[in-house]
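Per chain, numbering begins at 1; letters A, B, ... match sequence-line order.
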Amino acid sequence: MDKAPLIIWFRRDLRLHDHPALQAAVAAGRPIVPLFILDPQAEALGAAPKWRLGEGLAAFARALEGLGSRLILRRGPALKVLRSVIAETGAEGVHWSRLYDPEARLRDSAVKSALRAQGHLARSFPGHLLFEPWEVETKGGGPYRVYSPFWRAVQGRALAPVLPAVERLEAPARWPHSERLADWHLGAAMNRGARIVGKYAQVGEARALARLARFLDERLDGYAQDRDFPAKPGTSGLSENLTLGEISPRTIWHAAWRRLHEGAPGAETFLKELVWREFAWHLYYHFPEMARANWRAEWDAFPWRGDNQDAEAWRRGMTGEPFVDAAMREMFTTGTMHNRARMIAASYLTKHLLTDWRVGLRWFQECLIDWDPASNAMGWQWVAGSGPDAAPYFRIFNPAGQAEKFDPEGSYRNRFLAEGQRNPPDPARDFFSAVPRSWRVTPDAVYPERLVSLDAGRARALAAYQGLRG
DNA sequence: TCCCTTTTGGG
DNA sequence: CCAAAAGGG
């Protein structure tokens with residue numbers, strides 16, 4: 001008599017190390033059926049995140065095959081697929097790592113109760129976050145709304161050690177049917193962009209771990225200074241791996257703490273950034289409307305412009321404001337954008353172009369291979385001034401001043417703006433290969449005039465803000 | 001994780 | 001005269 005297998009339903013946890021749901025199944029001595037389901041929520045991903053998911057799945061499937069296992073791929077509503085795979089394999093039930101966005105929570109709790117009602121095992125595990133959102137509370141018993149107290153509350157907390165990578169996965173007696181990744185065409189909406197962004201992405205668990213090691217060795221000491229300069233390789237770049245769980249936040253946390261105890265100068269700054277991600281998920285869990293509605297209701301009366309021609313120029317990296325355009329082109333070319341550039345590009349859209357932050361949120365959701373629903377929503381509301389713990393609205397970034405300060409040599413702008421350069425570098429040229437042909441842009445065109453002068457844009461934004469208060 | 005103008009005070 | 005601090009959006 002075969003032991004009944006357990007299904008591991010993988011979603012945003014495409015890794016073998018530090019994986020509580022997988023570890024528990026292996027420890028129970030069960031054969032494992034690794035499963036990914038292309039359900040309606042995964043189908044609804046933006047173009048770049050969906051393409052990146054496909055790359056991550058391919059890498060993860062190869063890693064599983066290296067352990068004598070497989071990644072089973074199935075398309076359909078999650079519950080329906082799970083029922084079929086249980087029937088096909090005689091599995092006892094399912095393990096998964098929890099997700100915390102409202103759509104996933106709704107789906108997962110329905111799946112859990114339906115499976116249990118039919119006598120199957122359904123167990124969810126932590127792993128995507130350092131701390132469960134309900135385990136961090138203010139003195140008064142509620143969720144945190146401000147970053148600094150949140151940081152103080154978690155910075156000294158003990159965290160269980162990292163779980164070792166599983167080294168062996170027992171195959172089930174019968175493998176269920178699997179679809180083929182190529183047939184899913186997860187890169188379809190990326191069109192020409194996929195080939196370009198693929199040059200810059202670093203996919204999979206092995207590369208994520210190597211990236212962390214390299215960052216700690218080469219960049220951590222200078223992190224506090226270098227991280228603000230978008231032309232420098234000062235940041236970890238781990239966000240694209242974190243969002244798919246190719247590395248766990250706990251792995252990063254422990255590694256950075258070790259360096260902190262060794263006296264590494266940038267370690268605390270880096271840990272704080274990791275905790276910003278945690279804070280975003282804490283907020284999103286407790287306030288799921290955060291991705292759709294102004295955090296402060298008074299902002300509903302603000303005269304945001306909806307989508308408009310200026311916003312279209314912003315999306316295309318054609319505003320005539322060099323730092324902003326470099327940022328937007330970096331995103332379209334590489335699938336990521338430097339953190340400082342994100343603040344400036346977002347400030348420019350919401351302030352100088354007076355455009356609703358949700359217009360920007362949606363574009364980032366389309367274009368970022370490191371798209372994270374919580375960080376994206378928190379970041380946009382922070383910049384717009386509508387959010388919790390937000391920058392006051394009148395903190396308007398001056399993109400020219402920021403360029404002066406953080407890109408004094410123009411290296412970042414030159415890296416991504418081809419116009420006017422006799423011999424533009426690869427990334428600047430790549431932009432024109434990545435964009436849709438319908439944009440009809442070429443590297444030898446004249447760089448556009450400014451949509452709005454920095455003074456006029458700033459004055460208009462401040463006047464609108466005064467209108468809201470007056 | 002700001003920007004701009006005005007004020008201040010040392011020389 | 002000027003750099004630094006302060007004030008306010």
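Taking the charged nitrogens against the carboxylate oxygens, D217(A) and R259(A) do have a contact shorter than 4.0 Å, which makes a salt bridge. Between R157(A) and E132(A), none of the side-chain N atoms (NZ, or NE/NH1/NH2) sits under 4.0 Å from a carboxylate O, so this pair counts as no salt bridge. Using a cut-off of 4.0 Å between Lys/Arg side-chain N and Asp/Glu carboxylate O, D310(A) and R305(A) are scored as salt-bridged.
Protein chain A contacts DNA chain B from dT1(B) to dC4(B), reading 5' to 3' and using non-hydrogen atoms of the protein with a distance under 4.0 Å.
Taking the centre of each ring, W380(A) and F364(A) come in below the 6.0 Å mark. Checked against the 6.0 Å centroid threshold, Y223(A) and F215(A) count as a close aromatic pair.
Residues from residues 277-287 of chain A that place a heavy atom under 4.0 Å from any atom of DNA chain B: there are none.
With W9(A) as the aromatic partner, R11(A) meets the cation-pi criteria of under 6.0 angstrom to the ring centre and within 45 degrees of the ring axis.
Applying the ring-ring contact (aromatic ring centres under 6.0 Å, His included) test to Y285(A) and every residue at least two apart in sequence or in another chain returns W134(A). Take E246(A) and apply the salt bridge (charged side-chain N to carboxylate O under 4.0 Å, His left out) test, not counting sequence neighbours, and it matches R52(A).
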Please produce a list of atom pairs where a protein N or O lies less than 3.5 Å from an N or O of nucleotides 5-9 of chain C.
from: dG9(C); atom 1: O3'; to: Q466(A); atom 2: NE2; distance (Å): 2.7
from: dG9(C); atom 1: N2; to: F394(A); atom 2: O; distance (Å): 3.4

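Residue contacts for R227(A): at a heavy-atom cut-off of 4.0 Å it reaches a base atom on one of the strands shown. Note on K351(A): nothing from the nucleic acid sits closer than 4.0 angstrom, heavy atoms only.
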Exercise answer: donor-acceptor pairs, residues 184-191 of chain A side-chain atoms, under 3.5 Å, sequence neighbours excluded:
from: W184(A); atom 1: NE1; to: E179(A); atom 2: OE1; distance (Å): 2.9
from: H185(A); atom 1: ND1; to: A182(A); atom 2: O; distance (Å): 3.4

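Of the residues D430(A), T333(A), T336(A), T334(A), the one that meets the side chain to side chain donor-acceptor pair (under 3.5 Å) test with Y200(A) is D430(A).
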